[in-house]
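Single-structure report; data block below.
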Amino acid sequence: MLSLCGDQALRELSSPGKSGSFFYLTSNDQYMIKTMKKAEVKIFLKMLRAYYNHVRSFENTLVTKFFGLHCVKLAGANQKKVRFVIMGNLFCSDHFIHRRFDLKGSSLGRTTDKPQTEIDEYTILKDLDLNFIFRLQKHWYQEFQSRQVDKDCDFLEQENIMDYSLLVGVHFRDKRVIMTEGSFDSDSSRGSSPHLSPHLSRGDTDPNRLSKIKLGSNMPTKAELTIRKSDCEPQLIGEPTGELYDVILYFGIIDILQDYDISKKLEHAYKSFQYDPTSISAVDPKQYSRRFKDFVYKAFQEDKVDI
């Protein structure tokens, strides 16, 4: 209540999402508000008990954390209803997020429409823009793969949900590796992790930082730069180069309120005539879950040498 209804105004994000929803952030960055369609509300209410039980059962679940679902009837002649959900902000952190990726595991249309020179830290990059393999420490990799992603995807599949994404935020601990053009500084040493930047945020110098690490939040990781071959079909994951960077990762599963309804079935049928059916986003929940996990387990791998 203090975050949403205090003296500080909410901050509206620059533009509505693809779904037409509007997004707002609280002044302390802790919560995000998203307007919702009536159909999404129905899906959420239908799955609410199962969602509640899943979140209670798995402390490290990666699925979106919902805190409230509300409806406001606006004053005026038409008395329009505005439905909105309050979610935890995945990127609420002391660390600046340098790169953002929205990953589904599909390839059709999964690249940013911005030229390379216009890509910045607020650009939402997609599957074909991903140029890293994230190498997790053994403990976190086992928690990530063996325990949590499988369970989260099983839950979404059981609820007939598809079209969700893994939202990933990357903080580079050496700020020199990021340039405004979206490329990487040639000064960073190949084959080794860059030195720590002198301009660290509070989280980097906090002696208790390790106690604040949890799956999907404030995770120290190595990111290995990858390069895609240009002489073949689009590669979802490029070839590793051996060039490593020290990063802090934030990630979670978002957009979990799209079921495989008649519109998605028609979209799948229509696009299947034109494109490889495995490349399109709209597929049935079982296939979507399997493809999503296959991709995520290639993008996130175990670091054989712990950080």
Which heavy-atom pair separates [X] from [Y] by the least distance, and what is that distance?
X      : Y      : value
Thr35  : Phe22  : OG1-N, 2.8 Å
Leu62  : Gly216 : CD2-CA, 4.3 Å
Glu159 : Ala50  : OE2-CB, 3.4 Å
Ser3   : Asn28  : OG-ND2, 2.9 Å
Gly88  : Tyr31  : CA-CD2, 4.5 Å
Arg100 : Ile97  : CG-CG2, 3.7 Å

With side chains defined as the heavy atoms from C-beta onward, is the minimum distance between [X] and [Y] less than 4.5 Å?
X      : Y      : value
Val170 : Phe132 : no
Leu156 : Ile256 : yes
Val63  : Tyr51  : yes
Asn218 : Tyr250 : yes
Ile161 : Leu257 : no
Ile237 : Leu130 : yes
Leu69  : Arg83  : no
Ile213 : Trp140 : yes

Heavy-atom neighbours of [X] [atom1] exceed 12 at 6.0 Å:
X      : atom1 : answer
Phe67  : CZ    : yes
Gln8   : CD    : no
Lys114 : NZ    : yes
Lys46  : NZ    : no

Are the side chain of [X] and the backbone N or O of [Y] linked by a donor-acceptor pair below 3.5 Å?
X      : Y      : result
Glu40  : Lys37  : yes
Asp129 : Thr112 : yes
Asp127 : Gly105 : yes
Arg228 : Leu128 : yes
His171 : His95  : no
Thr117 : Pro115 : no
Ser289 : Lys286 : no
Thr64  : Ile253 : yes
Gln148 : Gln145 : no
Thr226 : Asn131 : yes

Do the side chains of [X] and [Y] join up, straight or via other hydrophobic residues, at under 4.5 Å, putting them in one cluster?
X      : Y      : answer
Ile124 : Val168 : no
Tyr24  : Leu2   : no
Met36  : Leu45  : yes
Phe292 : Phe58  : no

Please confirm whether Phe144 and Phe251 have ring centers closer than 6.0 angstrom.
-> yes
How about Phe155 and Tyr164: are their ring centroids closer than 6.0 Å?
->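 No, the ring centres sit 6.0 Å or more apart.
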Among side-chain atoms of Ser165 and Lys104, is any donor-acceptor pair under 3.5 angstrom?
-> yes
So, Asp150 versus Tyr297: side-chain donor-acceptor pair below 3.5 Å or not?
->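 Yes.
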With rounding to the nearest 0.5 Å, note down the distance linking [atom1] in [X] to [atom2] in [Y].
X      : Y      : atom1 : atom2 : value
Phe23  : Leu10  : CZ    : CG    : 14.0 Å
Asp29  : Phe91  : CG    : CZ    : 12.0 Å
Leu125 : Arg99  : CG    : CZ    : 6.5 Å
Met32  : Thr26  : CE    : OG1   : 9.0 Å
Thr123 : Glu121 : OG1   : CD    : 8.0 Å
Met87  : Ile33  : CE    : CD1   : 9.5 Å

Classify the angle between the aromatic ring planes of Phe66 and Phe44 as parallel (below 30°), tilted (30 to 60°) or perpendicular (above 60°).
->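 Tilted: the ring planes of Phe66 and Phe44 meet at 30° to 60°.
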Start with the C-alpha distance between Asn60 and Lys214, add both sets of side-chain angles, then the distance that settles side chain to side chain contact (heavy atoms under 4.5 Å, CB included), and finish with yes or no.
-> CA-CA 7 Å; Asn60 287 330; Lys214 60 178 292 187; 4.1 Å; yes
[X]: which residues meet the salt bridge (charged side-chain N to carboxylate O under 4.0 Å, His left out) condition with it, sequence neighbours left out?
X      : value
Asp255 : Lys34
Glu224 : Arg135
Glu143 : Arg147

Working for side chain to side chain contact (heavy atoms under 4.5 Å, CB included), residues Glu302 and Leu136 | CA-CA 5 Å; Glu302 181 181 348; Leu136 305 181; over 6 Å; no
How far apart are the C-alpha atoms of Met162 and Asp284, what are their side-chain angles, what is the distance that settles it, and do they pass the side chain to side chain contact (heavy atoms under 4.5 Å, CB included) test?
-> CA-CA 7 Å; Met162 43 78 67; Asp284 74 81; over 6 Å; no
Begin from the C-alpha positions of Leu225 and Tyr245 and carry the test side chain to side chain contact (heavy atoms under 4.5 Å, CB included) through to its verdict.
-> CA-CA 8 Å; Leu225 192 65; Tyr245 302 94; 4.1 Å; yes
